Amino acid sequence: MSTIAAFYGSKSILITGATGFLGKVLMEKLFRTSPDLKIIYVLVRPKAGQTLQQRVFQILNSKLFEKVKEICPNVHEKIRPVSADLNQHDFGISKEDMDELLSSTNIVFHCAATVRFDDPLRHAVQLNVTATQQLLSMASQMPKLEAFIHLSTAFSNCNLKHIDEVIYPCSVEPKKIIDSMEWLDDAIIDEITPKLIGDRPNTYTYTKALGEIVVQQEGANMNIAIIRPSIVGATWQEPFPGWVDNLNGPNGLIIAAGKGFLRAIKATPMAIADLIPADTVVNLTLAAGWYTAVHRPKSTLIYHCTSGNLNPCNWLKMGLQVLATFEKVPFEKAFRRPKADFTATSFTTHYWNAVSHRAPAIIYDVYLRLTGRKPRVTKLMNRLLRTISMLEYFINHSWEWSTHNTEMLMSMLSPEDQRMFNFDVRQLNWLEYIENYVVGVKKYLLKEDMAGVPEARQHLKRLRNIHYLFNIALFLIIWRLLIARWQTARNVWFFIVSFCSKFLSYFRASSTLKL
Ligand SMILES: CCCCCCCCCCCCCCCCCCCCCCCCCC(=O)SCCNC(=O)CCNC(=O)[C@H](O)C(C)(C)COP(=O)(O)OP(=O)(O)OC[C@H]1O[C@@H](n2cnc3c(N)ncnc32)[C@H](O)[C@@H]1OP(=O)(O)O
Ligand SMILES: NC(=O)C1=CN([C@@H]2O[C@H](COP(=O)(O)OP(=O)(O)OC[C@H]3O[C@@H](n4cnc5c(N)ncnc54)[C@H](OP(=O)(O)O)[C@@H]3O)[C@@H](O)[C@H]2O)C=CC1
């Protein structure tokens, strides 16, 4: 019997960010391995015209939860959506709901965050720092609380090369930042943002670092742990390989490359691609929840959920495997044939952006205009290039994360738990994982049927023929222009023509003699 699964049985669990990528995988695993848990409260806001109940039902009815519905048929009764917006004071939770949450909750998993790299500082602070502080204040009033698990990121200290499982100070105290957001106007905040974030690339990593400090300060009297995952990718094994549901991290780039939009990207091929599967993160998170509650470590433990130092894979190997999978399982209706290169300098990146990204987009838009349709590819390409510029930082640097706490936790698990809550990335076969990941992107993000693969292959063949025809036509046009304007080109042309005609007459003569 799994100790961890038994631990979560009969518990009341509060999850923020349950509608997000990791939150869903976390909920799924909890219901699947501990179907006798008491209740999961999820803090959800109404969104896109859907009530919170509709949002939660949509998640429960998705493919991700198919196994759960077999194991825990009354899952709908065990999940309680609570209307909450983390941007509001007290999260806008009603008094009755708040009373129930405070009196019943045993474990808190805080996953909610803004993960956008371009969020204005005010918004990122509100969600990643102030909301964390408020949640801790709520947690401090929970008499039955056993553990509070905070999801941070391995990149919260990406301004350092070597990162230990400790909390690093920031130049300005989070409390001062929170206070200043109340009285500074937006223009001033925008002006001071670059100074505050310093050598971090964006407001996301900066505010996640501030959030960790808040956790350490406000949670001193609680059983707290912080999980720092690196780049979270599709699921590795559970509940099935390749599940993914948003465009964040590599996902959007895999689509862009598979559809033939992304042809070159500035990257350091030998830099470590520190990807970590979503189910690995969730297994570590649940194991840390159990350990924190049962063993009550004296200080806040931080767990690095990374792959680089235990099972490294670089961007080159990953990129090549992504491309190899496109050969086997192409995406439908590609714009161009998938083929991408890593560029090394800003000059070559600009060159390939002009030649391989912008020019084909403009040509295609001209074609759309000429055929009476609305041009859209240039706009799409510009957004893609902007996105890439924001992600580039992470594919051109390498970090070393120590994993002592994570390895210690692994050693504390029983063999049964090591199997059921496996977070040992040494067992991960990258080539197999990446192939399943790309297939998962095709199936679950693009919603493409595998039955359409032969037609997708045919489409790629047509694109190849168009490509050859286009190149031949381009060559002939350039050659014709050169001949018209340049004597040397004319001489070369006459030389080639006379050489070919001599060769042909020799060939004809020798075959007549043989007859
Ligand atoms: C020689 C061989 C060579 C082989 C070569 C082979 C190459 C071949 C294969 C290549 C694959 C292998 C290499 C992989 C490299 C991976 C690097 C990953 C680094 C990640 C590090 C993460 C570290 C931190 C981890 C964490 O700790 S946290 C999680 C990370 N957080 C994020 O990843 C949020 C990022 N995103 C945003 O910050 C916002 O998205 C924002 C970007 C501001 C836009 O924002 P905006 O334009 O305002 O609006 P959106 O609505 O968001 O999007 C607007 C439009 O862009 C689209 N779009 C959104 N996203 C993405 C995306 N990714 N990629 C593409 N498109 C995207 C969206 O579809 C919409 O398209 P449309 O609707 O126009 O058609
Ligand atoms: N994905 C990754 O690569 C990595 C993620 N992490 C961390 O893991 C955690 C989860 O990330 P992930 O699942 O990918 O993120 P998602 O963007 O998929 O999910 C974010 C969640 O936060 C919720 N949320 C955002 N704003 C509010 C709000 N105002 N009120 C209530 N809920 C809100 C979202 O709800 P809604 O659906 O309503 O928008 C959603 O459920 C984050 O803390 C992130 O920093 C760390 C490293 C890597």
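For clarity, every value in this text was computed on a predicted model and none was experimentally measured. Counting starts at 1 for both ligands and their atoms, in listed order. All heavy atoms count here, side chains included; hydrogens, waters and symmetry mates do not.
Within the 4.0 Å heavy-atom shell around ligand 2 one finds S152. Ligand 2 lies less than 4.0 angstrom from a heavy atom belonging to P229. No heavy atom of A278 sits closer than 4.0 Å to any atom of ligand 2. Contact analysis puts L151 in contact with ligand 2, with a non-hydrogen atom separation below 4.0 angstrom. Using a non-hydrogen distance threshold of 4.0 Å, Y204 registers as a contact of ligand 2. The closest approach between any non-hydrogen atom of L127 and ligand 2 is below 4.0 Å.
Evaluated by nearest non-hydrogen atom to atom 20 (C) of ligand 2, the leading choice among P46, A84, A113, G17 is A113. Here atom 38 (O) of ligand 2 lies nearest to R55 when heavy atoms of R55, R228, Q88 are compared. Comparing Q50, R116, R45, H150 against atom 32 (N) of ligand 2, the shortest heavy-atom distance belongs to R45. Relative to atom 30 (N) of ligand 2, the option among L86, T19, I15 with the closest non-hydrogen atom is L86. With S156, A131, G20, G233 as candidates, the residue nearest to atom 19 (O) of ligand 2 on a non-hydrogen basis is G20. By heavy-atom distance, the residue among H123, H110, K47, K24 lying nearest atom 39 (O) of ligand 2 is K47.
Between Y291 and H295, the ring-plane angle classifies as parallel under the 30° and 60° cut-offs.
Salt-bridge formation is detected for the pair E238/K29: a Lys NZ or Arg NE/NH1/NH2 atom is positioned less than 4.0 Å from an Asp or Glu carboxylate oxygen.
Residue contacts with ligand 2, taken as heavy atom pairs separated by less than 4.0 Å, do not involve V44 at all. Residue V115 touches ligand 2 through its side chain alone, judged by heavy-atom distances below 4.0 Å. Using a 4.0 Å cut-off between heavy atoms, S230 contacts ligand 2 through its backbone alone, with no side-chain atom that close.
Residues T300 and Q216 bring no donor and acceptor atom of their side chains to less than 3.5 Å of each other.
Checked by distance only, ligand 2 and A154 stay at 3.5 Å or farther apart across all their nitrogen or oxygen atoms. Checking only distances, K208 does come within under 3.5 Å of ligand 2, N or O to N or O.
Under the salt bridge (charged side-chain N to carboxylate O under 4.0 Å, His left out) criterion, K63 pairs with E66, sequence neighbours left out.
Here the rule is ring pair (Phe, Tyr, Trp, His ring centres under 6.0 Å) with W243, and of Y437, F21, W236, F65 only F21 fits it.
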Discussion item. For a ring pair (Phe, Tyr, Trp, His ring centres under 6.0 Å) check, start with the C-alpha distance between W399 and F155, then their side-chain angles and the critical distance, and finish with the verdict.
Written reply: CA-CA 9 Å; W399 293 268; F155 296 98; 5.2 Å; yes
Sequence neighbours left out, cut at 3.5 Å: what donor-acceptor pairs do the side chains of residues 98-111 make with other protein atoms?
| from | atom 1 | to | atom 2 | distance (Å) |
| --- | --- | --- | --- | --- |
| D99 | OD2 | K95 | NZ | 2.8 |
| E100 | OE1 | R80 | NH2 | 2.7 |
| E100 | OE2 | Y41 | OH | 2.9 |
| S103 | OG | D99 | O | 2.9 |
| S103 | OG | E100 | O | 3.2 |
| S104 | OG | E100 | O | 2.9 |
| T105 | OG1 | L101 | O | 2.6 |
| N106 | OD1 | S12 | N | 2.7 |
| N106 | ND2 | K144 | O | 3.4 |
| H110 | ND1 | T16 | OG1 | 2.8 |
| H110 | NE2 | T132 | OG1 | 3.1 |

